[in-house]
Structures are given as C-alpha cells and as structure tokens.
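Being a predicted model, the structure only gives us computed values, none of them experimental. Quick note: numbers below take in every heavy atom, side chains included, and nothing from hydrogens, waters or symmetry partners. Chain letters run A, B, ... following the sequence lines, proteins first and then strands; every chain starts at 1.
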Amino acid sequence: MCGRYALYAPGRRIREHFRLEDELDLEPRYNIAPGTHVLVVREDSDGRRRAGLCRWGLIPRWAKDPSIGSKLINARAETVVAKPAFRAALRRSRCILPASGFYEWKIVVESGRTLKQPFFIRPHKDDELFGFAGLAECWVSPEGEIIDTCCILTTEANALVKPIHDRMPVILAPGDYDFWLDPGIQEPEALRPLLAPCPPEQLEAYPVSPKVNSPRNDAPELLAPASM
DNA sequence: CCAGACGTTGTT
DNA sequence: GTCTGG
DNA sequence: CCAGACGTTGTT
DNA sequence: GTCTGG
C-alpha cells in the first residue's frame, strides 16, 4: 500500500518533470502522512497542468461524515472501477501526486517478536521523481465548508518491493501522464493498462530508522540508511 | 421495493 | 480492540 | 502508514 | 450518487 511518502525535490524540478504552468514554492517534506495536505497535479479546463493541494484521504461528495476520508487513503487499482466510493472520481477527477519516494513497512519475525521495519523506496535514477496515480474529490460540508481531497491508487508489488510488502503505489510512466489526466477519457477500462506495477529496475529500496513511524517527525535524517 | 453501506490493510 | 488524527 | 485516544459531568 | 443485501 502507500501510507507514507516524501517530496523534497526542488519546486523547479517538480515543475519540469510534470510540465506545470506555474512556479512552485514548496517546503521539502520527508514524512507525508494521510490527513495532511499534499501536492496534486491536475488538468484545468484549458488543458493546462496545474498544481494544487488536497487533503490526503478521499471524501466522496455524498459523504455526510468526513471521517470516512481517514479510511479512503488508497484505492485498489484492481477493483477501483467497481467501487461506488471511487467511481465518480475515477471518471472525472484523476490527478497525479508528485513524490520523491515512499515508505513501506516490512513485517519481520525475529525470535518470536514481530517487528515492522520501515524501508524507503526511491527512484533508482538520481534526481528522478515519481508520479503516483491519484483520484481527487471536492467535498462540501453541510455548513458549506469546502475540502479538496484525494487518494492514491495501489497495485500489486513488483519484484523489488515484494520482499518488503505486497502492495505499492501506482507509479505512472511519464508518457502516460497526459492520458491519465485527460478529462475526456471517461471510459475507465481504457485506464486499466496504466495501472500496472512499474518496472522494478526503476526503484531502489533500503531500510530506514523507525523514527519515521511518528507522523510528525519530518526531519531530513529520516532518509538516512539504517541497519536492520 | 427500501435501507444501509460505500475502503484498504493486515491479522486471525 | 477500534477509531481518529496527522 | 503509525500514534494516540478511547468519556461524562460539572466547574472554572 | 450507486451498489448490495434483505
């Protein structure tokens, strides 16, 4: 799955990679957790790519209780087409979440004790960026409060991630960004081929300190390789 | 038909 | 144990 | 994902 | 809003 990630690339790099119209000024983040505001790339009505912020945790339009958002942080690519909670967003409101890397926890049973060892998974190529496939939805509370929300699609783990965890985020090929964001594509089955696990050669993984467990710890040292 | 859920992950 | 918040 | 709270009443 | 279960 994808329940924690990082985005520390300079705004200039993010802009280049995602071909954004506007300047970006972002603080680097090493520990992005659900429930917080995250950067999303969308296509506006003029076909231009725009960056925005959404709360991570999708709240469907029809929800009366926004706390459902804390459960809808991921959508399974294999079943997303059929799920009422994601159906509308998949048709009309796809987005991409820029990332410098993501965390997965490996369950390690050692002398009878169960430990969860966090790993950081990043592009194998230095300075590269990930674009996670995402869905967005705008929720309006009964009092009229507007909340932009999003979630991240997940898929089966590829060969590199599998020893750590059996799920991983959908990492789009840059050549697929346009198609994924195109609001004209309303036939969800046409999007299927984009949602495969990315090639393992594009990734590298290494263990990091359990300091990352604490969602409020956002220090750059979280990226430091740790021994297991 | 209406009522009630609508999700993923991991663990048992 | 289970839900909420970050 | 993990961490941390999880409740009501009455009083300040 | 839309699907599932009764």
Side-chain angles (χ1 to χ4, degrees), chain A residues 1-7 27-39 53-93 97 99-109 112-122 130 132-142 145 147-157 161-171 186 188 195 197 205 207-219 222-223 226:
Chain A
M1 86 173 291
C2 183
R4 214 70 80 77
Y5 69 100
L7 178 61
E27 289 299 313
R29 290 175 71 191
Y30 304 93
N31 197 359
I32 299 173
T36 65
H37 284 84
V38 298
L39 186 73
L53 291 176
C54 284
R55 183 196 288 189
W56 182 9
L58 193 88
I59 309 175
R61 310 188 66 79
W62 43 258
K64 290 181 192 76
D65 179 2
S67 70
I68 192 175
S70 64
K71 298 177 202 146
L72 305 187
I73 64 170
N74 293 140
R76 289 177 70 93
E78 299 91 327
T79 56
V80 66
V81 172
K83 301 292 182 182
F86 301 128
R87 201 184 132 93
L90 183 68
R91 267 199 297 112
R92 322 184 292 256
S93 194
L97 294 91
S100 298
F102 60 97
Y103 298 95
E104 297 288 358
W105 280 257
K106 181 187 173 82
I107 293 176
V108 183
V109 180
R113 292 178 217 291
T114 302
L115 302 175
K116 297 191 86 172
Q117 169 65 52
F119 282 74
F120 188 59
I121 301 161
R122 42 151 283 160
F130 294 142
F132 297 155
L135 305 177
E137 188 120 53
C138 183
W139 184 76
V140 182
S141 80
E145 186 195 4
I147 305 181
D148 267 311
T149 69
C150 67
C151 69
I152 297 171
L153 273 74
T154 63
T155 188
E156 194 187 345
V161 176
K162 197 148 281 172
I164 302 169
H165 194 74
D166 63 348
R167 307 286 303 167
M168 63 182 280
V170 172
I171 297 169
Q186 300 216 348
L195 305 182
V208 293
S209 159
K211 285 175 184 167
V212 72
N213 291 0
S214 180
R216 273 175 272 210
N217 185 346
D218 195 29
L222 296 180
L223 300 180

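- At least one side-chain nitrogen or oxygen of A:K116 sits closer than 4.0 Å to the OP1 or OP2 atom of D:dC2.
- Comparing C:dG6, B:dG7, B:dC6 by their closest approach to the side chain of A:K83 singles out B:dG7.
- The listed nucleotides are C:dT4, D:dC1, B:dC6; the one nearest the side chain of A:S70 is C:dT4.
- Using a 4.0 Å cut-off between charged side-chain N and carboxylate O, A:E156 and A:K162 make a salt bridge.
- Contact between the side-chain N/O atoms of A:R76 and the OP1/OP2 oxygens of B:dT9 is found at a separation under 4.0 Å.
- When rounded to the nearest whole Å, the span between CG of A:N74 and P of B:dT8 equals 8 Å.
- Closest to the side chain of A:W105, out of E:dG1, D:dC2, B:dT9, is D:dC2.
- The distance between atom NZ of A:K71 and atom P of C:dG6, rounded to the nearest whole Å, is 17 Å.
- In this structure, A:I107 reaches the sugar-phosphate backbone alone: every heavy-atom distance under 4.0 Å involves primed, P, OP1 or OP2 atoms, never a base.
- Contact annotation: the side chain of A:V161 never approaches that of A:F119 to less than 4.5 Å [non-hydrogen atoms, C-beta and beyond].
- Here the rule is ring pair (Phe, Tyr, Trp, His ring centres under 6.0 Å) with A:F120, and of A:F102, A:W105, A:Y30, A:Y103 only A:Y103 fits it.
- Remark: C1' of D:dC1 and CZ of A:R29 are 14 Å apart, rounded to the nearest angstrom.
- Residue A:F86 contributes atom CZ, which lies 6 Å from atom P of B:dG7 at whole-angstrom precision.
- Here the side chain of A:R87 is nearest to one of B:dG7, E:dC3, D:dC2, namely E:dC3.
- Checked against a 6.0 Å centroid threshold, the rings of A:Y5 and A:F130 do not count as neighbours.
- Across all strands, A:R61 comes closer than 4.0 Å to no nucleic acid atom at all (heavy-atom distances).
- Contact between the side-chain N/O atoms of A:S214 and the OP1/OP2 oxygens of C:dG6 is not found at any separation under 4.0 Å.
- Across all strands shown, C:dT2 is found opposite D:dA5 as a Watson-Crick or G-U wobble partner, with both distances under 3.5 Å.
- Distances from the side chain of A:R4 to the nucleotides B:dT8, B:dC6, D:dC1 place D:dC1 closest.
- Base contact: A:A33 has a heavy atom under 4.0 Å from a base atom.
- Using atom P as the reference point in both B:dT9 and D:dC1, the two lie 8 Å apart (nearest Å).
- Rounded to an integer number of Å, the gap from CG of A:L222 to P of D:dC2 is 15 Å.
- Of the candidate nucleotides C:dT4, B:dG7, D:dA3, B:dG7 has the atom lying nearest to any side-chain atom of A:L72.
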